Amino acid sequence: MIRYIAPSLLSADFNNLGRDIEMVNQSEADWFHLDIMDGVFVPNMSYGFPVVEHIAKLAKKPLDVHLMIVDPDRYLERFKDAGANILTVHWEACTHLHRTIAEIKRLGMQAGVSLNPHTPVELLNEILPDLDMVLIMSVNPGFGGQSFIENSISKIERLRKMIDDKGCNTLIEVDGGVGPHNAGKLYQAGANVLVAGNAVFKADNPNEAIKIIKSS
Ligand code: DX5
Ligand code: ZN
């Protein structure tokens with residue numbers, strides 16, 4: 001089973017962003033995780049297109065872009081042009097999710113759907129075969145450095161069973177409060193991709209932290 005790690009640049013040192021991107025390039029990490037917040041869907045703002053374009057110029061690994069924004073349909077093509085490889089929208093932000101997913105794929109990106117902590121995985125039953133990835137939010141989205149919500153484990157297990165029962169290849173990504181203390185448990189529950197912000201960039205040795213999480 002695929003076991004990836006995607007460091008979240010939200011916790012990087014933006015005064016030394018080039019250095020932190022190069023650290024991820026040289027590490028065992030698989031993807032860059034980019035958090036886009038609009039101050040409406042979540043009570044925080046992060047960064048936009050110019051920053052994503054600059055990251056794309058230096059990054060030597062796929063950009064996994066997590067949109068925490070309302071009405072994401074307006075910007076799908078802009079994110080493709082900015083360099084996104086995997087584009088994830090929130091279930092709670094999309095009225096016509098099937099159309100949004102089809103458009104992400106038509107633009108040549110992999111399509112993901114993210115669920116807030118209160119949203120049950122069972123709501124994905126119809127759309128699951130169309131998804132390249134499901135992102136389980138294990139904190140309420142908006143900020144790095146929050147504590148992992150334990151109920152997320154049972155959501156991962158239930159989603160793993162749904163995916164396996166349907167025989168799909170959909171990846172399960174987990175985001176929020178992930179680190180060496182719970183990475184093994186998450187992979188065991190059926191997760192494929194672990195996002196880690198603070199656990200990587202606030203560690204004494206970020207490169208080593210990536211290695212530890214990935215081999216958990
Ligand atoms: C939170 C973001 C996360 C965040 C994770 O809304 O989606 O990607 O950067 O940060 P940590 O790993 O510190 O919880
Ligand atoms: Zn994220």
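Small disclaimer: the values here were computed from a predicted structure and weren't measured. Whatever order the structure lists them in is the order used to number ligands and atoms, beginning at 1. In what follows, every heavy atom counts, from backbone to side chain, and hydrogens, waters and symmetry copies are set aside.
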- Query: Please state which protein non-hydrogen atom is closest to atom 2 (C) of ligand 1 and give its distance, to 0.1 Å?
  - Reply: Asp35 OD1, 3.4 Å
- Query: Where is the nearest protein heavy atom to atom 1 (C) of ligand 1: which residue, which atom, and how far?
  - Reply: Phe143 O, 3.5 Å
- Item | For ligand 1, the portion of Asn198 having any non-hydrogen atom under 4.0 Å away | both
- Query: What protein heavy atom sits nearest atom 11 (P) of ligand 1, and how far away is it?
  - Reply: Gly145 N, 3.6 Å
- Query: More than 12 heavy atoms of other residues, nucleotides or ligands under 6.0 Å from CG of Asn16: is that the case?
  - Reply: yes
- Would you call Glu150 and Lys185 a salt bridge, taking side-chain N to carboxylate O under 4.0 Å as the test? yes
- Query: How wide is the angle at the Zn ion (ligand 2) between OD1 of Asp35 and ND1 of His66, to the nearest 10°?
  - Reply: 90°
- Message: Please determine whether any non-hydrogen atom of Ala199 lies less than 4.0 Å from an atom of ligand 1.
- Response: no
- Message: Suppose I only count heavy atoms of Gly144 and a 4.0 Å limit; which atoms of ligand 1 are within that range?
- Response: 10 (O), 13 (O)
- Assess whether atom NZ of Lys202 is packed by more than 12 heavy atoms of other residues, nucleotides or ligands within 6.0 Å. yes
- Message: Taking 4.0 angstrom as the limit and counting only heavy atoms of His66, give me the atoms of ligand 1 inside it, by number and element.
- Response: 7 (O)
- Ignoring hydrogens and geometry, is there a side-chain-to-backbone donor-acceptor pair from Asp20 to Asp13 under 3.5 Å? yes
- Query: Could Lys80 and Glu77 be called an ion pair, given the rule that one side-chain N must be under 4.0 Å from one carboxylate O?
  - Reply: no
- Task: Starting from the Zn ion (ligand 2), look over the N/O/S atoms of Asp175 and name the nearest one.
- Result: OD2
- Query: At what distance is the nearest protein heavy atom to atom 12 (O) of ligand 1, and which residue and atom is it?
  - Reply: Gly197 N, 2.7 Å
- Looking at His33, which atoms of ligand 1 are within less than 4.0 Å of one of its heavy atoms? 8 (O)
- So is Lys202 close enough to ligand 1, meaning a heavy atom under 4.0 angstrom away? no
- Message: Below 4.0 Å, non-hydrogen atoms only: which portion of Ala196 touches ligand 1? Side chain, backbone, both or neither.
- Response: backbone
- Which ligand 1 atoms, with their elements, are less than 4.0 angstrom from a heavy-atom of Gly176? 14 (O)
- Item | Atoms of ligand 1, numbered as shown, that sit under 4.0 Å from any heavy atom of Met68 | 6 (O), 7 (O)
- Does the side chain to side chain contact (heavy atoms under 4.5 Å, CB included) test come out yes or no for Leu9 and Phe201, once each step is laid out? CA-CA 8 Å; Leu9 290 178; Phe201 290 103; 3.7 Å; yes
- Task: If you have a sec, work out which protein heavy atom is nearest atom 9 (O) of ligand 1 and how many Å separate them, to one decimal?
- Result: Ser8 OG, 2.8 Å
- Within 4.0 Å of some non-hydrogen atom of Asp175, the atoms of ligand 1 are 2 (C), 3 (C), 4 (C), 5 (C), 7 (O), 8 (O)
- Task: Test Trp31 against every option in Ile5, Asp64, Val24 by the side chain to side chain contact (heavy atoms under 4.5 Å, CB included) rule and name the one that passes.
- Result: Asp64
- Message: The test is salt bridge (Lys or Arg N to Asp or Glu O under 4.0 Å); show your working for Glu157 and Arg160 and say whether it passes.
- Response: CA-CA 5 Å; Glu157 289 169 345; Arg160 169 53 53 207; over 6 Å; no
- Query: Where is the nearest protein heavy atom to atom 6 (O) of ligand 1: which residue, which atom, and how far?
  - Reply: Gly142 N, 2.7 Å
- Indicate the ring-plane relationship of His90 and Phe41, choosing parallel, tilted or perpendicular according to the 30° and 60° boundaries. tilted
- Can you tell me which residue and heavy atom of the protein come closest to atom 14 (O) of ligand 1, and the distance to 0.1 Å? Gly177 N, 2.9 Å
- If we number the atoms of ligand 1 from 1 as shown, the ones under 4.0 Å from a heavy atom of Pro141 are 6 (O)
- SB check Arg74 Asp71 (cutoff 4.0 Å): yes
- Message: Is any side-chain heavy atom of Val113 closer than 4.5 Å to one of Leu124?
- Response: yes
- Pairing of Asp30 and Lys214 as salt bridge, 4.0 angstrom limit: yes
- One finds that the ligand 1 atoms under 4.0 Å from a non-hydrogen atom of Leu10 are 9 (O)
- Task: Test Met68 against every option in Val40, Val42, Ile36 by the side chain to side chain contact (heavy atoms under 4.5 Å, CB included) rule and name the one that passes.
- Result: Val42
